[in-house]
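Right, one structure below, let's go through it.
Numbering of ligands and ligand atoms starts at 1, following listing order. Counting begins at 1 with the first residue of the sequence. Predicted model only: the values in this text are computed from it and were never measured.
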Amino acid sequence: MALFITGGAGFIGSAFIRTWIERYPAETVINFDKLTYAGNLDNVAEAARHPTYRFIHGDICDAEALRAAIPDGCDAIVHFAAESHVDRSILSAREFILTNVLGTQVLLDVAREKGVRRFLHISTDEVGGSLPEGRFFREDDPLVPSSPYAASKAAAEHLVRAAAHTFGLDAVITRTSNNYGPYQFPEKLIPLALTNALENRPIPVYGDGQQVRDWIHVDDNCAALRVVLEKGQPGATYHIGGRSPLPNRTVLLTLLDLLGKPASLLTEVADRLGHDRRYAVDCSRIERELGWRPQIPFVEGLAQTIAWYREHPTWVARARSGEYRQYYARMYGAL
Ligand code: NAD
Ligand code: TYD
């Protein structure tokens, strides 16, 4: 299967590439990435040594670049590329609309032109908005996003469904809950808290810290994505959850406990604007129809993640200082 991956230098895309190559070493994998602040080629350094892997520097908003990059006979596009951080979308939504909305449409158009056989669109549980205790977001529920990030991802999904409905594109959509694991950029809760704690620096807790997220290890997510890519019904949407719903404060106290660091590092700060209180996906469809289930218990996955960050101080230092971007600037020109 020849795969065209967008956003494969980011956190989840790079994990998908690593785990795909491990299983299917003979198959072509093209990683098309703009290398924004979140794209880090250090994440795919091992894949780069593999003969069937190729990296192409490009923007999904650029139709010409996509036409040149997507190979004839491409079996599938796996579309990870996005602006992905809620706090940044609150500061400025512009890049979110460009990449997540316009970029997705451009990619859909070129995918059709090129006759790509399957389009796997990576979405998020955040399109379902904040849910009261006891309610779960199901695949057929209406989308009620509340942050600019979530709104841009909801718009992208609508465009994917419209392409499937109007043009018969074989598209499948996944909505995953909060991922954690190695190589996650230290702006999201777990890697930010972990890297701060390792240096005994304070950990910002937004508001009362009782917001609930369902945590899934990135390797469990990648296993689910492979199953959906290979066996998902055309036009279907699948929720992927970790079955580990936890308030932020509990996540942070567990992390500090595993690290042997004091709870006094937790520092309440002003709440995020419009902060969604609770996300909760019902992931019974993928479990029932495709036989996937999360395998990595949260505390075990968190301990593995801690070990990885401890063992990779150079990756952490380069990610935090932005040094990895200077290296790209030499390779690909100014970013
Ligand atoms: P990330 O921010 O780590 O990586 C995004 C990647 O996309 C980067 O490599 C970046 O350079 C690339 N990119 C950005 N704009 C681009 C453009 N215009 N053209 C080409 N490449 C571009 O994100 P992530 O956490 O790996 O998330 C991947 C996908 O999964 C996103 O679509 C995100 O919305 C979705 N998702 C993430 C989570 C999570 O917990 N991280 C949960 C649910 C869904
Ligand atoms: P985040 O990792 O940004 O993911 P998302 O907002 O997409 O769920 O944040 C996870 C939760 O942690 C969210 O409720 C916001 C909160 N949070 C903090 O309390 N402090 C922080 O420094 C960050 C980055 C997030």
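Applying the 4.0 Å criterion to heavy atoms of His85 picks out, from ligand 2, the atoms 3 (O). Of all atoms in ligand 2, listed by their number and element, those nearer than 4.0 Å to a heavy atom of Val205 are 19 (O). Each of the atoms 5 (P), 7 (O), 8 (O) of ligand 2 lies under 4.0 Å from some heavy atom of Glu126. Close approach of ligand 2 to Lys188 is summarised as follows: ligand atoms under 4.0 Å from at least one heavy atom of the residue are 2 (O). Every atom of ligand 2 is numbered from 1 in the order shown, and the set under 4.0 Å from a heavy atom of Glu187 is 24 (C). For ligand 2 and Val86, the ligand atoms under 4.0 Å from any heavy atom of the residue are 6 (O), 7 (O). Under a 4.0 Å criterion applied to the non-hydrogen atoms of Leu192, ligand 2 contributes the atoms 22 (O).
When the options Asn178, Val251, Leu189 are ranked by their closest heavy atom to atom 4 (O) of ligand 2, first place goes to Asn178.
Looking only at protein heavy atoms, the nearest one to atom 3 (O) of ligand 2 is Arg272 NH2, 3.0 Å. Of the protein's non-hydrogen atoms, the one nearest atom 20 (N) of ligand 2 is Pro204 O, 2.8 Å. The protein heavy atom nearest to atom 16 (C) of ligand 2 is Asn248 ND2, 3.4 Å. Atom 8 (O) of ligand 2 has its closest protein heavy atom at Arg213 NE, 2.7 Å. Among protein heavy atoms, the minimum distance from atom 14 (O) of ligand 2 is reached at His275 NE2, 2.7 Å. The shortest contact between atom 19 (O) of ligand 2 and any protein heavy atom is with Tyr206 N, 2.9 Å.
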Would you mind writing out a table of all protein N or O atoms found under 3.5 Å from any N or O atom of ligand 1, naming both atoms and giving the distance to 0.1 Å?
from: ligand 1; atom 1: 2 (O); to: Ser84; atom 2: OG; distance (Å): 2.7
from: ligand 1; atom 1: 3 (O); to: Phe11; atom 2: N; distance (Å): 3.0
from: ligand 1; atom 1: 9 (O); to: Gly10; atom 2: N; distance (Å): 2.9
from: ligand 1; atom 1: 9 (O); to: Asp33; atom 2: OD1; distance (Å): 3.3
from: ligand 1; atom 1: 9 (O); to: Asp33; atom 2: OD2; distance (Å): 2.6
from: ligand 1; atom 1: 11 (O); to: Asp33; atom 2: OD1; distance (Å): 2.6
from: ligand 1; atom 1: 11 (O); to: Leu35; atom 2: N; distance (Å): 3.4
from: ligand 1; atom 1: 11 (O); to: Thr36; atom 2: N; distance (Å): 3.0
from: ligand 1; atom 1: 11 (O); to: Thr36; atom 2: OG1; distance (Å): 3.2
from: ligand 1; atom 1: 18 (N); to: Asp59; atom 2: OD1; distance (Å): 2.9
from: ligand 1; atom 1: 18 (N); to: Thr99; atom 2: OG1; distance (Å): 2.9
from: ligand 1; atom 1: 19 (N); to: Ile60; atom 2: N; distance (Å): 3.0
from: ligand 1; atom 1: 21 (N); to: Lys34; atom 2: N; distance (Å): 3.0
from: ligand 1; atom 1: 23 (O); to: Ser84; atom 2: OG; distance (Å): 3.3
from: ligand 1; atom 1: 26 (O); to: Phe11; atom 2: N; distance (Å): 3.2
from: ligand 1; atom 1: 26 (O); to: Ile12; atom 2: N; distance (Å): 2.7
from: ligand 1; atom 1: 32 (O); to: Phe80; atom 2: O; distance (Å): 2.8
from: ligand 1; atom 1: 32 (O); to: Lys153; atom 2: NZ; distance (Å): 2.7
from: ligand 1; atom 1: 34 (O); to: Tyr149; atom 2: OH; distance (Å): 2.6
from: ligand 1; atom 1: 34 (O); to: Lys153; atom 2: NZ; distance (Å): 3.0
from: ligand 1; atom 1: 40 (O); to: Asn179; atom 2: N; distance (Å): 2.9

From CA spacing to verdict: side chain to side chain contact (heavy atoms under 4.5 Å, CB included), Arg118, Asp75
CA-CA 6 Å; Arg118 170 153 271 204; Asp75 291 292; over 6 Å; no
CA sep, side-chain torsions, deciding dist, call: Thr104, His121, side-chain hydrogen bond (donor to acceptor under 3.5 Å, both in side chains):
CA-CA 9 Å; Thr104 297; His121 178 73; 4.9 Å; no
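A cation-pi arrangement is found for Arg88 relative to Tyr37, the charged atom lying closer than 6.0 Å to the ring centre and inside a 45° cone about the ring normal. A cation-pi geometry, defined here as NZ or CZ lying under 6.0 Å from the six-membered ring centre and within 45° of its normal, does not hold between Arg272 and Tyr206.
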Indicate every side-chain donor-acceptor pair of residues 152-163 with a distance under 3.5 Å to a residue at least two apart or in another chain.
from: Ser152; atom 1: OG; to: Asn100; atom 2: ND2; distance (Å): 3.0
from: Ser152; atom 1: OG; to: Tyr149; atom 2: O; distance (Å): 2.7
from: Lys153; atom 1: NZ; to: Ile122; atom 2: O; distance (Å): 2.9
from: Glu157; atom 1: OE1; to: Arg161; atom 2: NH1; distance (Å): 3.0
from: Glu157; atom 1: OE1; to: Arg161; atom 2: NH2; distance (Å): 3.2
from: Glu157; atom 1: OE1; to: Arg175; atom 2: NE; distance (Å): 3.3
from: Glu157; atom 1: OE1; to: Arg175; atom 2: NH2; distance (Å): 2.9
from: Glu157; atom 1: OE2; to: Ser123; atom 2: OG; distance (Å): 2.6
from: Glu157; atom 1: OE2; to: Arg175; atom 2: NE; distance (Å): 2.8
from: His158; atom 1: ND1; to: Arg161; atom 2: NH2; distance (Å): 3.4

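Under 4.0 Å is where a charged nitrogen must lie from a carboxylate oxygen, and between Lys188 and Asp87 no such pair does.
A donor-acceptor pair is defined here as one N or O able to donate and one able to accept, closer than 3.5 Å; such a pair exists between the side chain of Trp292 and the backbone of Asp220. With hydrogens and angles disregarded, a donor-acceptor distance shorter than 3.5 Å links the side chain of Thr267 to the backbone of Leu265. Looking at Asp42, its side chain never comes within 3.5 Å of a backbone N or O of Trp315 through a donor-acceptor pair.
Between Pro148 and Phe96 the shortest side-chain heavy-atom distance does not fall below 4.5 Å.
Under the ring pair (Phe, Tyr, Trp, His ring centres under 6.0 Å) criterion, the residue pairs touching residues 217-239 are Phe137-His239, Tyr180-His217, with sequence neighbours excluded. Sorted by first then second residue, the side chain to side chain donor-acceptor pair (under 3.5 Å) pairs that include residues 243-253, not counting sequence neighbours, are Gln211-Asn248, Arg243-Glu287, Arg249-Glu268.
Outside the 6.0 Å centre-distance limit, the rings of Phe185 and Phe11 are not counted as a close aromatic pair.
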